[in-house]
Amino acid sequence: MSQTIKLSSPATREFWEIPVLYEDESLLALDKPSRLLTSPDRYDAERPNLMKLLHASIERGTPWAKERGLTYLMNAHRLDFETSGIILLAKTKPVLVALANLFGTEKPL
């Protein structure tokens, strides 16, 4: 499987190669670059964001999504625009709910 996910925004002429840090049947951990929103901007829905780019790639059936058989992918938390780091994505809704419950307990894992 691809160890990087290639995403692009033709509208802004931006391109990202996002490293896959960890993956199993339930989770996908990516190294989000700085200067990329995690989710849509409430003031400008057209600004590129990681989740919109990932979902568009899944819908188009790009190779990285196809080889993983992805139909669902949601972020368990967010990172700020300027922040780079690990972002954890759930591959199913039950896994997302479990992660949300873990993050919500405010206890170290």
Side-chain angles (χ1 to χ4, degrees):
M1 265 187 238
S2 302
Q3 294 307 306
T4 57
I5 292 175
K6 296 177 182 180
L7 301 172
S8 64
S9 171
T12 61
R13 296 185 177 162
E14 293 175 275
F15 177 80
W16 300 270
E17 285 194 34
I18 302 178
V20 175
L21 301 174
Y22 174 81
E23 183 172 13
D24 64 18
E25 64 279 347
S26 303
L27 303 171
L28 182 63
L30 303 178
D31 186 3
K32 185 193 93 61
S34 64
R35 308 201 47 77
L36 176 62
L37 292 168
T38 298
S39 49
D41 181 35
R42 70 177 75 125
Y43 303 109
D44 182 1
E46 297 307 309
R47 274 180 78 188
N49 68 79
L50 179 63
M51 294 314 298
K52 185 176 180 180
L53 294 168
L54 290 170
H55 289 155
S57 291
I58 291 169
E59 286 175 25
R60 283 195 318 273
T62 57
W64 72 264
K66 218 175 190 179
E67 67 189 13
R68 290 171 167 84
L70 289 175
T71 57
Y72 181 94
L73 199 59
M74 288 301 295
N75 53 307
H77 61 95
R78 292 177 37 175
L79 294 175
D80 291 339
F81 175 72
E82 295 290 341
T83 304
S84 63
I86 300 170
I87 188 147
L88 194 57
L89 305 166
K91 292 182 177 182
T92 65
K93 189 161 187 170
V95 171
L96 179 64
V97 170
L99 288 171
N101 289 337
L102 285 172
F103 278 109
T105 63
E106 298 181 9
K107 294 178 186 173
L109 303 177

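Quantities reported herein were computed from a predicted structural model and do not represent experimental measurements. Reckoned from all heavy atoms, side chains included, excluding hydrogens, waters and symmetry mates.
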**OP:** Please check if the side chain of N75 supplies one atom and the backbone of R78 the other of a donor-acceptor pair under 3.5 Å.
**Re:** no
Original post:
Can you check whether T92 reaches S26 side chain to side chain, under 4.5 Å on heavy atoms?
Top reply: no
Original post:
Got a donor-acceptor contact below 3.5 angstrom from the H55 side chain to the L73 backbone?
Top reply: yes
Subject >> Side-chain touch L27/L99, heavy atoms, less than 4.5 angstrom >> reply: yes
**OP:** Taking all non-hydrogen atoms of both residues into account, name the closest pair between P48 and S9 and its distance.
**Re:** CG-OG, 3.5 Å
Original post:
Is a side-chain N or O of T38 found less than 3.5 angstrom from the main chain of L79, in a donor-acceptor match?
Top reply: yes
Original post:
Taking all non-hydrogen atoms of both residues, which atom of L96 and which atom of A76 are closest, and how far apart?
Top reply: CD1-CA, 4.0 Å
Subject >> Reported CD1-to-NZ distance for the pair I86 and K32, which is rounded to 0.5 angstrom >> reply: 13.0 Å
Original post:
Is any side-chain heavy atom of V20 closer than 4.5 Å to a side-chain heavy atom of T4?
Top reply: no
Original post:
Hey, is the main chain of K52 close enough, under 3.5 Å, to the side chain of N49 for a donor-acceptor pair?
Top reply: yes
Subject >> Cluster check L30, M74: I/L/V/M/F/W/Y, side chain < 4.5 angstrom >> reply: no
Original post:
Would you say L37 and L53 are hydrophobically clustered, going by side-chain heavy atoms of ILVMFWY under 4.5 Å?
Top reply: no
Subject >> Same apolar cluster: L7 and L28, side chain cutoff 4.5 Å >> reply: yes
Original post:
Does the pair L54 and L70 meet the rule for a side-chain contact (heavy atoms from CB on, under 4.5 Å), with working shown?
Top reply: CA-CA 10 Å; L54 290 170; L70 289 175; over 6 Å; no
**OP:** Heavy atoms only: give me the nearest K93-Y72 pair and the separation to one decimal.
**Re:** N-CE2, 3.5 Å
Subject >> Qualifying residue, where the test is side chain to side chain contact (heavy atoms under 4.5 Å, CB included) with D31 and the options are I5, L21, I87 >> reply: L21
Subject >> Side-chain (K6) to main-chain (F15) donor-acceptor, under 3.5 angstrom >> reply: no
Subject >> Salt bridge flag under 4.0 Å for residues R68 and E23 >> reply: yes
Subject >> hydrophobic_cluster_shared for L50 and W16, side chain cutoff 4.5 Å >> reply: yes
Original post:
Hey, does the side chain of K91 reach the backbone of E25 with a donor-acceptor pair shorter than 3.5 angstrom?
Top reply: no
Original post:
For the atom pair OG (S39) and CE (M51), what is the distance rounded to the nearest 0.5 Å?
Top reply: 8.0 Å
